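Since the structure comes first, as structure tokens, the remarks are kept for the end.
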Amino acid sequence: RLFDLCGSAVATWRAVAAPLHCKNVCVFTAQGSKKKDILVRVCGISDFEHAAIPAQMGSVSHADDVKIKSVKNVHVVESVDSRSEIVYCSTSVRSLLTDDRDVCLVRSRFAERTGSGLVFSSVTHEKVPELAKYVRARVHTGGIVAKPVPSYPSKTFVTFVLHANPRGILPSGAFTTMCIETACMVLAPFLGAHDDLLTACIRSADA
């Protein structure tokens, strides 16, 4: 499912402008099968080896280093095994018209010769019950996929994808914008300026 979302097999992606402060990315959105579902895809090219990217993104130090305005709190609730953990995150949607959101996710890393990644989805956990001050958003599927670029062994094609439902009342586009900004900032430390190569990789993924 995660690999399907990285291309055009599941969704009809529409290119949108990246936030002004986000460089070296291409951003896409799509409409989910349900009215409130949103799909976001953010792509870039990295000079990091593919296996290093999801491992670093899942670390506590990366979460601390990347200061994301919309994220209020993120921490590991419980380690499941050497590759998986339960993670809690609360966010601010920066709107007086609705409540902030939080999520409880199961997050797992994978590494293969053809690519590496971090996959996550919503889960319930007794240590993080729903709170009155938040609306618990639902993440159907999300993650980061890092794949070596053919003929460019020193480059990695990185894709962040998210299929989620913010639930509750939310101004149109606010949740999508928040997700795009978060994805761009999470990816930013790993990406370089490789516009032509990025365009080629996206075309290949969507073929």
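On a predicted model such as this, the values are computed, not experimentally measured, just so you know.
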Verify side-chain contact (heavy atoms from CB on, under 4.5 Å) between Val145 and Phe157, making sure each step is shown before the conclusion. CA-CA 8 Å; Val145 175; Phe157 179 44; over 6 Å; no
Trace of the side-chain contact (heavy atoms from CB on, under 4.5 Å) decision for Trp13 with Leu39: CA-CA 9 Å; Trp13 294 105; Leu39 289 98; 3.8 Å; yes
Between Thr156 and Ile53, does the side-chain contact (heavy atoms from CB on, under 4.5 Å) criterion hold? Intermediate values first, please. CA-CA 9 Å; Thr156 298; Ile53 295 174; 3.9 Å; yes
Mind running side-chain contact (heavy atoms from CB on, under 4.5 Å) on Val158 and Cys43 for me, showing each step along the way? CA-CA 6 Å; Val158 185; Cys43 306; over 6 Å; no
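Taking both residues in full, the closest heavy atoms of Ile38 and Cys179 are given as CD1-SG, 4.2 Å, listed atom of the first, atom of the second, then distance. Of all heavy-atom pairs spanning Ala30 and Thr12, the tightest one is CB-O, 3.6 Å. Counting all heavy atoms, side chain and backbone alike, Val42 lies closest to Ala183 at CG2-CB, 3.8 Å. Taking every heavy atom of both residues into account, Pro19 and Glu181 meet most closely at CG-CG, 3.9 Å. Shown here for Ser122 and Ala137, the closest heavy-atom pair between the two residues is OG-O, 3.8 Å. Closest of all the heavy-atom pairs between Val27 and Ala18 is CG2-CB, 3.8 Å.
Between the SG atom in Cys89 and the NE2 atom in His75 there is a gap of 10.0 Å [rounded to 0.5 Å]. Atom CD of Glu78 sits about 4.0 Å away from atom NE2 of His125, to the nearest 0.5 Å. Note: His50 NE2 to Arg113 CZ = 9.0 Å, rounded to the nearest 0.5 Å. Between Ser151 atom OG and Leu197 atom CG the span is 10.0 Å, to the nearest 0.5 Å.
A 6.0 Å sphere centred on CG of Asn73 holds more than 12 heavy atoms belonging to other residues, nucleotides or ligands.
You'll find the side chain of Ile202 reaches within 4.5 Å of the side chain of Cys26, heavy atoms only. Between Val25 and Leu191, some side-chain heavy-atom pair lies under the 4.5 Å cut-off. Proximity of Val123 to Ile86: side-chain heavy atoms (C-beta onward) are separated by under 4.5 Å at one or more points. A heavy-atom distance below 4.5 Å is found between the side chains of Val139 and Leu105. With a 4.5 Å cut-off on side-chain heavy atoms, Lys133 and Asp99 do not count as touching. Counting heavy atoms from C-beta on, the side chains of Val106 and Ser121 come closer than 4.5 Å. Side chains of Thr176 and Val40 form a contact here, defined as non-hydrogen atoms less than 4.5 Å apart. Contact annotation: the side chain of Tyr152 never approaches that of Ile45 to less than 4.5 Å [non-hydrogen atoms, C-beta and beyond].
With hydrophobic clusters built from ILVMFWY side chains whose heavy atoms lie under 4.5 angstrom apart, Val103 does not share a cluster with Val77. Leu131 and Val135 end up in different hydrophobic clusters when Ile, Leu, Val, Met, Phe, Trp and Tyr side chains are linked at under 4.5 Å.
Listed for the Arg109 side chain is no donor-acceptor partner under 3.5 Å among the backbone atoms of Ser116. With Thr91 contributing its side chain and Arg101 its backbone, the two residues share a donor-acceptor pair below 3.5 Å. A donor-acceptor pair under 3.5 Å links the side-chain atoms of Ser46 to the main chain of Phe48, judged by distance alone. In this structure a side-chain-to-backbone donor-acceptor pair under 3.5 Å is present from Thr182 to Met178. Side-chain atoms of Glu112 never come within 3.5 Å of backbone atoms of Thr114 as a donor-acceptor pair (strictly under, hydrogens ignored). Remark: the backbone N or O of Arg138 is not paired with any side-chain donor or acceptor of Arg167 at under 3.5 angstrom. Judged by distance alone, the side chain of Lys36 and the main-chain N or O of Gly168 form a donor-acceptor pair under 3.5 Å.
Salt bridge Glu130/Arg136: absent, no basic N to carboxylate O contact under 4.0 Å.
In summary, the side chains of Thr141 and His163 do not present any donor paired with an acceptor at a separation below 3.5 Å, with no hydrogens or angles considered. A donor-acceptor pair shorter than 3.5 Å cannot be found between the side chains of Asn24 and His194. For the residue pair Ser84 / Ser108, a side-chain donor-acceptor distance below 3.5 Å is found, with atom types taken as modelled.
Within the cation-pi definition used here (under 6.0 Å to the ring centroid, within 45° of the axis), Arg41 qualifies as a partner of Phe28.
Ring pair Phe160/Phe120 is tilted by interplanar angle, where 30° to 60° counts as tilted. Using the six-membered ring where Trp is involved, Tyr88 and Tyr134 have ring planes that are perpendicular, over 60° apart on the 30 and 60° scheme.
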